[in-house]
Amino acid sequence: MKCRRCRKPAVIDVRRHNAGFCSDCFLHHCREQVRRAIDDFEMIRPGERVLVAVSGGKDSLGLWHLLRQLEYQADGLYIGLGIGEYSDESRRYAQAFASGEGARLIDVDLPAGFGFDIAEGSRVAHRAPCSACGLSKRHLFNSVATAHGYDVVATGHNLDDEAAVLFGNVLRWETGYLGRQHPVLPAAPGFKRKVKPLVRMGEREMAAYCFLAGIDYMVEECPMADGNRHLGYKAALNTIEERSPGTKAAFVFGFIERVHDRFAPDAEKEREDLAPCTHCGAPTTGDICAFCRMQERATPLALNEPT
Ligand code: AMP
Ligand code: FES
Ligand code: ZN
């Protein structure tokens, strides 16, 4: 197979685009996919400061690299979730990338800063670990971006992630979630804008990007993710994609272009009922937000925000 762009021998084929690329042209192709996602959905405006949430994995480190290549002002945020050796190692990958690039990485540790880890938070809140983890990450992405004056938070959710979450939300007709599922979640009182610039990039392409760009990333998956039902949805979608390449992209972009607006009012309604948490100020439907409630139960005497 030859490179679609320069006709040199291809090193990777992207079946969805029915194209092969040599190394340089593939890196160029990835930058163009991200540039196009940012432009199409007006994710980041000129001069804005971006906070990239980095886990140490291929998607978020690749995203950070891509945004810097595209000359965005992008700093990193790593959150230590207290998941034993997994967290220690993922932090090392995030730090090594930041120092290699000379980029700023903000490091927030849940156990050190808030007095509990994901296992404890999950136990006291009677939530699955991934749910306690997702709640903590969303809370901290927003509060750190607010405290440090960033305009927008970028996460490394890729096309495979978006397709799996959409699939799950459709199977259960979670209309509120469907209304919020979009590559851009606009800012609102107490909320920074959230963007997913990798929405046009598949998981396999991100692994190839990191390999070809020389980015060293954490390969292991979180040890708590075993029961995560999105893994099952991903496997099901991969079976379908194998038979008809392009199905995942058609599913996700068809939803965004033709269906999302119909569910947006469901999400709006949920946002209208929000008021600041009496403890931390984050928007919530009750007096105290779910993150502070979890912290309060896990560490009854030490309800605090790190300075
Ligand atoms: P996940 O929820 O693990 O699928 O991760 C989705 C996105 O959240 C990643 O692509 C990152 O942008 C971000 N993320 C996940 N874990 C962390 C972490 N420990 N610290 C900062 N950002 C994270
Ligand atoms: Fe959050 Fe695994 S990374 S539970
Ligand atoms: Zn709170």
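Side-chain atoms are counted along with the backbone in the values below, which use heavy atoms only and exclude waters and symmetry mates. Atoms within each ligand, like the ligands themselves, are counted from 1 in listed order.
At least one N/O/S atom of Cys133, whether from backbone or side chain, sits less than 2.8 Å from atom 1 (Fe) of ligand 2.
Considering the Zn ion (ligand 3) as centre, the angle to SG of Cys280 and to SG of Cys277 is 110° (10° rounding). For the pair SG of Cys292 and SG of Cys289, the angle at the Zn ion (ligand 3) is about 110°; rounding is to 10 degrees.
Taking a distance limit of 4.0 Å, we find that atom 2 (O) of ligand 1 is approached by some protein heavy atom.
Rounded to the nearest 0.5 Å, atoms CD1 (Ile118) and OG (Ser131) are 9.5 Å apart.
In terms of polar-atom proximity, Thr155 is not counted as a contact of ligand 1, lacking any N or O under 3.5 Å from an N or O of the ligand. Among the atoms of Phe141, none of the N or O lies under 3.5 angstrom from an N or O of ligand 1. Annotation: Ile79 places an N or O atom under 3.5 Å from an N or O atom of ligand 1; distance criterion only.
Both the sub-6.0 Å distance and the 45° axial angle are satisfied by Arg200 relative to the ring of Phe253.
With Val52 as reference, Leu63 is the one residue of Leu63, Leu66, Val195, Leu105 to meet the side chain to side chain contact (heavy atoms under 4.5 Å, CB included) rule. Considering His182, Lys196, His157 as possible partners of Glu162, the one that fulfils the side chain to side chain donor-acceptor pair (under 3.5 Å) test is Lys196.
Looking only at protein heavy atoms, the nearest one to atom 7 (C) of ligand 1 is His157 CE1, 3.9 Å. Looking only at heavy atoms of the protein, atom 11 (C) of ligand 1 is closest to Ala53 O, 3.2 Å. The protein atom (non-hydrogen) at minimum distance from atom 5 (O) of ligand 1 is Lys137 NZ, 4.2 Å. Nearest protein heavy-atom contact of atom 17 (C) of ligand 1 is Ser55 CB, 3.5 Å. Here the protein heavy atom with the shortest distance to atom 9 (C) of ligand 1 is Gly156 N, 3.9 Å. Protein heavy atom closest to atom 2 (Fe) of ligand 2, with residue, atom name and distance, is Cys222 SG, 2.1 Å.
Ring centers of Tyr209 and His65: under 6.0 Å apart, within the cut-off. In this structure, the ring of Phe97 has its center no less than 6.0 angstrom from the ring center of Tyr217.
Heavy-atom distances between Asp161 and ligand 1 stay at or above 4.0 Å for every pair.
Side-chain atoms of Arg4 come within 3.5 Å of backbone N or O of His17 as a donor-acceptor pair.
Atom numbering of ligand 1 starts at 1 in the shown order; those under 4.0 Å from a heavy atom of Leu81 are 19 (N).
A heavy-atom distance below 4.5 Å is found between the side chains of Leu178 and Leu166.
A perpendicular orientation is assigned to the rings of His260 and Phe255, their planes being inclined by more than 60° (bins at 30° and 60°).
By the criterion of a heavy-atom distance under 4.0 Å, the backbone of Leu77, and not its side chain, is placed next to ligand 1.
Salt-bridge formation is detected for the pair Glu48/Arg193: a Lys NZ or Arg NE/NH1/NH2 atom is positioned less than 4.0 Å from an Asp or Glu carboxylate oxygen.
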